[in-house]
Number of protein chains: 2
Amino acid sequence: MPRKVQPVATGPRRSVLSDETYDMVKAMILTHEIAPGAKVNIDALALKLGVSQTPIREALARLESDGLIAKEALKGYSTTNLLTVKQFNDLFQFRLLIEPWAAEQSAQNINAVGIAALKAEMQSAKTALKLSESEQVQAFIEHDARFHSLITRISGNESVTEAFERTHCHLHLFRLFLAAQSRLIDDKPKDKFVEDLFYRYYQTGSGQLTIKEHEAISSAICTGDDKGAKTAMQKHIQSSLDRFSPAAKVLNK
Amino acid sequence: MPRKVQPVATGPRRSVLSDETYDMVKAMILTHEIAPGAKVNIDALALKLGVSQTPIREALARLESDGLIAKEALKGYSTTNLLTVKQFNDLFQFRLLIEPWAAEQSAQNINAVGIAALKAEMQSAKTALKLSESEQVQAFIEHDARFHSLITRISGNESVTEAFERTHCHLHLFRLFLAAQSRLIDDKPKDKFVEDLFYRYYQTGSGQLTIKEHEAISSAICTGDDKGAKTAMQKHIQSSLDRFSPAAKVLNK
DNA sequence: GTCGTCAAAATACTATACGAAATAGTATTT
DNA sequence: AAATACTATTTCGTATAGTATTTTGACGAC
């Protein structure tokens, strides 16, 4: 008779419930399962996720620090609204300050590990082309997020990496995208700007534009062409800004 | 007989216990009441602050997001260590990316409100000169924090402002300073580097250097000299880096 | 009908106690 | 001495109760 009962295939837990809750709530915000600007009821959320209030509170506190949730004393939590046009422009201006520099640094610091990581990420983007259209959108935004994050990491500067991660820029872009999508489907099919967004987005999502620009950045970094990497990143961010700007504009009219 | 009983001078509460707890714990980290790298026991902290665990948990979750507290699954929270030399350099490099730009923008956007705020902040620095030496240190670091924060706000870019605030750079500098101070007092009075730090710091703290550099930035902004503001900010951050760099080095040997 | 008042319900916030699970430290056995 | 077993501590999560505040909605005055 075994002295100690065998744990039922549960390896050592690497994350705790409050971390999982954080990820789940973040995902719910990303996918508009909790709409932008909506109230977040702690009891209801705890019930829905099947956990007690404690992990929920910790998750919401962290999300507040992330700027994804706003807290009003004694009135509770609510998700932040979609980016305003100004916030959108501010965000891209900020990226223009740090990311071209990061690309430049990466080209100077690049090594075999970095090259392998970049190649792998570019490869994942190309395989994403095989997915269905609806899956492509999500896949490409995730690739874009990983790609830009990777370059800040290769740059070697922790502060820059953290600052970039905290912008959650791809999460915000995805929320904008989803809002535009539902708006397109629901009630305003002839909104010129939203249609335009989708044209522009799928142009990106289908990989032609984003992949091309990422390829230019990636190869410049891998060949150690620091100035080339810098200007390629500048152009890419500017191009991304131009693509998404109309969406931000019309959704916050 | 008055129809409604007068509330006993208790206006609507603007912050809740968990917010106050957050500030208190942050202050405890700042002042080394909780030493760098030390474990943070939730029960003990709750007992000490006279609150229950719930607000403590929320506060620690937020501080973790801030990068001031680290969390290890099932092992609890502990304060982050002092900045390593690399982190220190990364931080200042990051500031060099965003703050000169912010100063340049501020010079372009400056208006009467901004000028008044800058003048007031410069005035507060000068009145801090009248304080005792020990109070000056705290006062000057606080002035420095407010001054740099103010400029990012005047720049008008929310992302830049937030990114700067989140670095908590002055909090980290103050922790470095305190660590050097205790080291100087305690056991290694003839440490050349630490003495050097204090020489450099008081040179700054006495206001001669910092005030001069801040004055140059401030007046360039107020006169709309954008390029001048940019280079003045660059020089100031570089100068600050040079002053503190030896301290970071020796304290992390 | 509009506005304000007031009570009831809902919700946020805090406190407290308890238990499960993991870690860390100590003692025991091999 | 190394491996194992045991104990103590701590973290983590749950449950529950109670207070404070906001929200709601009905009622009545204008």
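Letters A, B, ... are given to chains in the order of the sequence lines, protein chains preceding strands, and every chain is numbered from 1. Bear in mind the structure is a predicted one, so any value in this text is a computation, not a measurement.
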Let me know the distance between [atom1] of [X] and [atom2] of [N], rounded to the nearest Å.
X: A:L49; N: D:dG13; atom1: CG; atom2: P; result: 13 Å
X: A:R57; N: D:dC12; atom1: CZ; atom2: P; result: 18 Å
X: A:I56; N: C:dC13; atom1: CD1; atom2: P; result: 14 Å
X: B:D19; N: C:dT14; atom1: CG; atom2: P; result: 8 Å

Strictly distance-based, threshold 3.5 Å: is any side-chain N or O of [X] a donor or acceptor partner for the main-chain N or O of [Y]?
X: B:T161; Y: B:T152; result: yes
X: A:S78; Y: A:V40; result: no
X: B:Q87; Y: B:T84; result: yes

Query raised in the report: With respect to B:H148, which candidate in B:H170, B:H143, B:H168 satisfies the ring-ring contact (aromatic ring centres under 6.0 Å, His included) definition?
Result: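 Looking at B:H170, B:H143, B:H168, the match for B:H148 under the ring-ring contact (aromatic ring centres under 6.0 Å, His included) is B:H170.
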Query raised in the report: A:L241 versus A:F88: any side-chain heavy-atom pair under 4.5 Å?
Result: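 Yes, their side chains come closer than 4.5 Å.
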Could you list all N or O pairs between the protein and nucleotides 7-11 of chain D that sit under 3.5 Å apart?
residue	atom	partner	partner atom	Å
D:dT11	OP2	B:N41	ND2	3.4

Query raised in the report: Does C:dT28 have a Watson-Crick or wobble mate here (both distances under 3.5 Å), and if so which one?
Result: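 Base-paired to D:dA3.
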Could you run down the sub-3.5 Å N/O contacts of the protein with nucleotides 15-19 of chain C?
residue	atom	partner	partner atom	Å
C:dA15	OP2	B:S52	N	2.5
C:dA15	OP2	B:S52	OG	2.7

Does a side chain donor of either [X] or [Y] reach within less than 3.5 Å of an acceptor in the other side chain?
X: A:S18; Y: B:K71; result: yes
X: A:E165; Y: A:S149; result: yes
X: A:Q105; Y: A:S155; result: no

